[in-house]
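Inspection log for the structure reproduced underneath, given as structure tokens.
In what follows, every heavy atom counts, from backbone to side chain, and hydrogens, waters and symmetry copies are set aside. Proteins come first, then strands; the chains are lettered A, B, ... in the order of their sequence lines, and each starts at number 1. Values in this document were obtained by computation on a predicted structure and should not be read as measured data.
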2 protein chains.
Amino acid sequence: MTAPPVPRMNADDRRELVLRAATRAFARGGFHGTSTDAVAKEAGVSQPYVVRIFGTKLELFLEVFARSSDQIRSVFEDVLAQARAEGTAPTDDEVWLRLGLAYAEMLADRDFLQVLMHGFSAGSVPEIGAQARAGMGQIYATLMGTGCEPERAKDFIAQGMLLNVMVSMQAPEHSEAGDDLAGLTVCAFGDALAEM
Amino acid sequence: MTAPPVPRMNADDRRELVLRAATRAFARGGFHGTSTDAVAKEAGVSQPYVVRIFGTKLELFLEVFARSSDQIRSVFEDVLAQARAEGTAPTDDEVWLRLGLAYAEMLADRDFLQVLMHGFSAGSVPEIGAQARAGMGQIYATLMGTGCEPERAKDFIAQGMLLNVMVSMQAPEHSEAGDDLAGLTVCAFGDALAEM
DNA sequence: TTGACAGGTTATCACTTGATTACTTATGGT
DNA sequence: ACCATAAGTAATCAAGTGATAACCTGTCAA
């Protein structure tokens with residue numbers, strides 16, 4: 001009688017689907033502000049199944065965070081790899097421009113960045129703090145792979161953090177002319193603002 | 001029989017005391033990750049009393065956030081006022097140096113900064129998002145009071161956001177030599193690292 | 001003295017939430 | 001055909017949570 005509303009799926013695919021759903025859910029509420037049931041509803045499965053796949057909510061969050069962190073890092077690595085392939089000197093300003101553009105493209109898919117911010121803020125949960133530091137360390141190390149001065153990488157990351165914060169507080173959606181924040185929004189996002 | 005373990009206090013003082021305790025508590029766990037009971041324990045009062053003073057947990061958080069935001073802004077305003085009093089041109093690099101130093105001093109009392117980060121990340125709670133944007137807008141406006149280019153204020157805020165993030169993830173406490181993150185920590189905090 | 005108000009607490013409630021258990025049903029290999 | 005295994009759900013639970021209600025108790029003015 002109970003028709004199977006959810007078609008069967010192999011475990012790996014289902015896991016992937018739930019992970020993506022969890023990324024969207026955690027992007028909104030962070031670790032504490034998102035229930036496993038919210039993740040389940042987002043994924044279209046039952047709450048106990050979410051728990052069964054990942055063991056605990058914390059493990060799920062850690063995996064979602066690690067993915068987001070890796071996503072950023074791998075985008076940067078791709079840019080650097082391509083630059084090397086083209087023979088562009090890694091210290092060239094051109095490379096940093098491209099890194100910035102690559103980051104701007106990620107703004108369209110804000111979930112990763114918001115998950116990142118939540119992870120960074122949740123340092124009081126020891127496991128999350130540790131993974132946040134590791135993720136940030138890897139991103140920094142990747143950027144330093146250009147052979148640049150630490151200052152350069154730091155400034156780049158700082159700009160990224162500002163964008164993350166602005167995205168998290170939904171500045172682009174809520175900036176109207178005349179607003180104090182509007183000036184900062186325009187300045188921080190620049191051209192990327194047009195496509196948001 | 002039940003001795004009064006908590007000495008009586010007038011309402012304003014008690015409110016102030018609870019607000020400070022709430023700042024410490026929220027700095028750790030953010031809005032969702034901190035119970036009103038945790039705040040109460042931090043303040044040494046009963047949980048219902050916390051609720052009664054502030055109405056709801058959300059109102060309490062908003063007040064704590066507003067205070068943190070105002071704290072930052074007023075520190076900046078003081079620096080600018082003093083610079084003006086000394087006749088230092090507001091566009092002078094000297095002013096930005098002092099703003100940076102003032103911010104570095106606040107790192108010692110991290111609670112404000114961590115509360116700020118939590119507020120910025122919690123944009124999905126409408127009231128918090130609105131207040132976060134307002135707070136950031138005011139800080140930006142204050143910095144623009146130097147008469148500088150938007151870029152300058154933006155870059156300053158970006159550096160601040162990086163420091164906030166690093167503080168939130170407890171990078172200074174967990175950076176050991178050889179760690180990927182250590183390089184970034186040293187670079188971002190600079191001299192301020194010595195006194196942490 | 002007394003009594004009214006201000007400053008608190010204890011008891012309690014309805015609800016949420018993460019997790020466990022037990023059950024159900026496709027599906028593919030033999 | 002059949003059954004073992006994999007993919008999922010329904011039912012349930014104990015703990016935690018925000019909020020309410022009822023009560024207690026110094027203190028100070030009249």
message: Taking the axis from the first five pairs and the axis from the last five, what angle separates them in the helix from C:dT1-D:dA30 to C:dT30-D:dA1, rounded to 10 degrees?
response: 10°

- prompt: Has the side chain of A:Arg8 got a donor or acceptor that lies under 3.5 Å from a partner of the other kind on the base of C:dT27?
  reply: no

- request: Would you mind classifying the nucleic acid contact of B:Ser46 as base, sugar-phosphate or nothing, using non-hydrogen atoms under 4.0 angstrom?
  value: base

task: Give the rounded distance in Å between these two atoms: CD of A:Gln47 and C1' of C:dT20.
output: 10 Å

message: Treating B:Thr146 as the side-chain partner and B:Leu143 as the backbone partner, does any N or O pair qualify as donor plus acceptor under 3.5 Å?
response: yes

field: Nearest listed nucleotide, side chain of A:Tyr49, among C:dG18, D:dG18, D:dA7
entry: D:dA7

- prompt: Nearest-Å distance, NZ (B:Lys57) to P (D:dG18)?
  reply: 4 Å

statement: Closest to the 5' end of DNA chain C, once A:Thr36 and A:Arg52 are matched to their nearest nucleotides, is A:Thr36

message: Looking only at the side chain of A:Thr56 (C-beta and beyond, no hydrogens), which of the listed nucleotides C:dG8, C:dA19, C:dG7 gets closest?
response: C:dA19

task: Apply side chain to side chain donor-acceptor pair (under 3.5 Å) to A:Glu127 and A:Gln131, showing your working.
output: CA-CA 6 Å; A:Glu127 295 90 338; A:Gln131 194 149 339; over 6 Å; no

query: CD of B:Glu16 versus C1' of C:dG7: gap in Å, rounded?
result: 17 Å

query: Among the nucleotides D:dA6, C:dG7, C:dT21, which one has an atom lying closest to any side-chain atom of A:Pro48?
result: C:dT21

message: Within the structure provided, determine whether B:Pro150 and A:Leu184 are in side-chain contact (heavy-atom separation under 4.5 Å).
response: no

query: Sub-3.5 Å donor-acceptor pair from the side chain of B:Ser74 to the main-chain atoms of B:Gln71, do we have one?
result: yes

Any A:Leu181 side-chain heavy atom under 4.5 Å of B:Tyr140 side chain: no

query: Could you give the NZ-to-C1' distance, from A:Lys41 to C:dT16, as a whole number of Å?
result: 11 Å

- request: Could you check how far NE2 of B:His32 sits from P of C:dG18, rounded to whole Å?
  value: 12 Å

Aromatic plane relationship, B:Phe65 with B:Phe120 - under 30° parallel, 30 to 60° tilted, over 60° perpendicular: perpendicular

task: Quickly work out the B:Leu60 CG to D:dG18 P distance and round it to whole Å.
output: 10 Å

- prompt: Which whole-number value in Å describes the distance from B:Arg14 CZ to D:dG26 C1'?
  reply: 14 Å

A:Asp93 vs A:Arg152 side-chain heavy atoms within contact, under 4.5 Å: yes

- line: Between CG of A:Asn10 and C1' of D:dG8 the distance, given in whole Å, is 13 Å

